[in-house]
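This chain uses plain numbering: 1 for the first residue, then up along the sequence.
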Amino acid sequence: MYTFGVFVLPLSEEFGVGRGTVSWIGSLAAGMNLLFATLSGALCDRLRFTVVICCGAFLLVTGLIVSSFMPTLPPMFITYGLVIGVGISMSFIPAIGGVGQWFQKHRGLAVGVAVSGSGVGNFALPPIAQVIIGRLGWRQAMRILAAFVSLVIGAAFIIRRRVPVQRVWGLGGVYKTKPFILLFLSGIFGGYGYLIPFVHIVPYARDRGIDSVSASFLLSIMGAASTVGRILLGLLADKWGRLNV
């Protein structure tokens, strides 16, 4: 999802549509990632983390490969926006829930380190994807990214459950509490500032005369900052309190 910005211009040029239309695909993927998080969390409560992560990885690989063969743009709203969005959610949520179960005193730092992996990927993958697009085209770039995802599925078997599997679906009364409501609202409004640049910053840089590879490094800078921020904020959450941070 965080590399989608480097695909906006190639997709726009090949299918003869505006960038705004293409950006809806990335927006849908981001939205499905967040909207499906509740169900992903429920699945983690009911099933082994490995099962959920492997299912998510399967959706990611399938979505990327199928999208790479699409002759027109509209089907990619399903193959990329929907399938990949749900796949990201099922791959990411267990990393938070699984790690958090094993820590009490330094839980914020532990979760921060775990989720910082997405920042590392965000740092490394955009320039790589951009180089592949320049040499082989966007279709091959998606297939190579799919192969990369399939190689890291083995990491799913590292995560172990500490809390017994629950047999009850639902949030109980937690959704009525003030902390939950504030956290929920912060996620809604924070997403506008956080996710938009990942889609539009590369096309914007290209419009300003920056070459494609250099423009992709803007996403890498954001990934590096995200990596440091996730770890640092996790550390501060342990020290000052999660809601205070």
Side-chain angles (χ1 to χ4, degrees), residues 1-4 7 24-68 75-102 107 110-122 125 129 142-171 174-175 180 183-184 187-188 190-191 194-195 198-199 223 226 230:
M1 183 177 70
Y2 295 133
T3 63
F4 185 75
F7 289 93
W24 273 107
I25 297 176
S27 298
L28 181 59
M32 291 307 302
N33 171 31
L34 299 176
L35 287 173
F36 200 78
T38 301
L39 184 54
S40 295
L43 289 174
C44 289
D45 289 336
R46 300 275 296 184
L47 305 172
R48 291 190 301 165
F49 292 125
T50 301
V51 174
V52 180
I53 295 174
C54 287
C55 289
F58 174 78
L59 291 176
L60 284 172
V61 172
T62 301
L64 285 168
I65 292 177
V66 174
S67 294
S68 72
M76 292 186 68
F77 282 84
I78 303 298
T79 60
Y80 194 103
L82 178 61
V83 175
I84 289 181
V86 173
I88 293 172
S89 180
M90 295 181 69
S91 302
F92 184 73
I93 296 300
I96 302 175
V99 173
Q101 290 183 2
W102 291 92
R107 180 177 295 172
V111 173
V113 171
V115 299
S116 68
S118 64
V120 174
N122 185 191
L125 291 179
M142 284 192 175
R143 294 163 192 162
I144 292 174
L145 288 177
F148 175 79
V149 172
S150 66
L151 290 176
V152 300
I153 292 178
F157 295 89
I158 298 176
I159 301 178
R160 294 291 184 268
R161 176 182 298 279
R162 185 180 185 183
V163 178
V165 174
Q166 298 182 8
R167 299 185 179 277
V168 179
W169 292 86
L171 296 173
V174 68
Y175 66 92
F180 180 85
L183 184 63
F184 181 78
I188 293 176
Y194 176 66
L195 294 172
F198 284 103
V199 175
S226 175
R230 290 168 191 242

Intermediate values then yes/no, side-chain contact (heavy atoms from CB on, under 4.5 Å), I53 and M90: CA-CA 6 Å; I53 295 174; M90 295 181 69; over 6 Å; no
Does the side-chain contact (heavy atoms from CB on, under 4.5 Å) test come out yes or no for L145 and F7, once each step is laid out? CA-CA 12 Å; L145 288 177; F7 289 93; 3.9 Å; yes
Carefully, step by step, assess I93 and F36 under the rule side-chain contact (heavy atoms from CB on, under 4.5 Å). CA-CA 10 Å; I93 296 300; F36 200 78; over 6 Å; no
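A distance of 8.0 Å separates OG1 in T3 from CE in M142, rounded to the nearest 0.5 Å. Between M76 atom CE and L82 atom CG the span is 13.0 Å, to the nearest 0.5 Å. Interatomic distance, CD1 of I144 versus CG of L125, reported as 11.5 Å (0.5 Å rounding). Atom CG in L47 sits 8.0 Å away from atom SG in C55 (nearest 0.5 Å).
Across all their heavy atoms, R143 and S68 have their closest contact at NE-OG, 2.9 Å. Between S91 and A57 the shortest heavy-atom distance is OG-N, 3.5 Å. When all heavy atoms of S89 and S40 are compared, the closest pair comes out as OG-OG, 2.8 Å. Closest non-hydrogen pair, G63 versus S67, comes out as O-OG, 2.6 Å. Nearest heavy-atom pair, S150 versus V61, reported as atom, atom and distance to 0.1 Å: N-CG2, 3.9 Å.
Each of I65, I84, L60 was compared with V149 under the side-chain contact (heavy atoms from CB on, under 4.5 Å) criterion, and only L60 meets it.
Residues W24 and F77 meet the side-chain proximity criterion, which asks for heavy atoms closer than 4.5 Å. In this structure the side chain of Y80 reaches within 4.5 angstrom of the side chain of L64, judged on heavy atoms.
With a 6.0 Å radius and a threshold of 12 heavy atoms from other residues, nucleotides or ligands, F148 has its CZ atom at or below the threshold.
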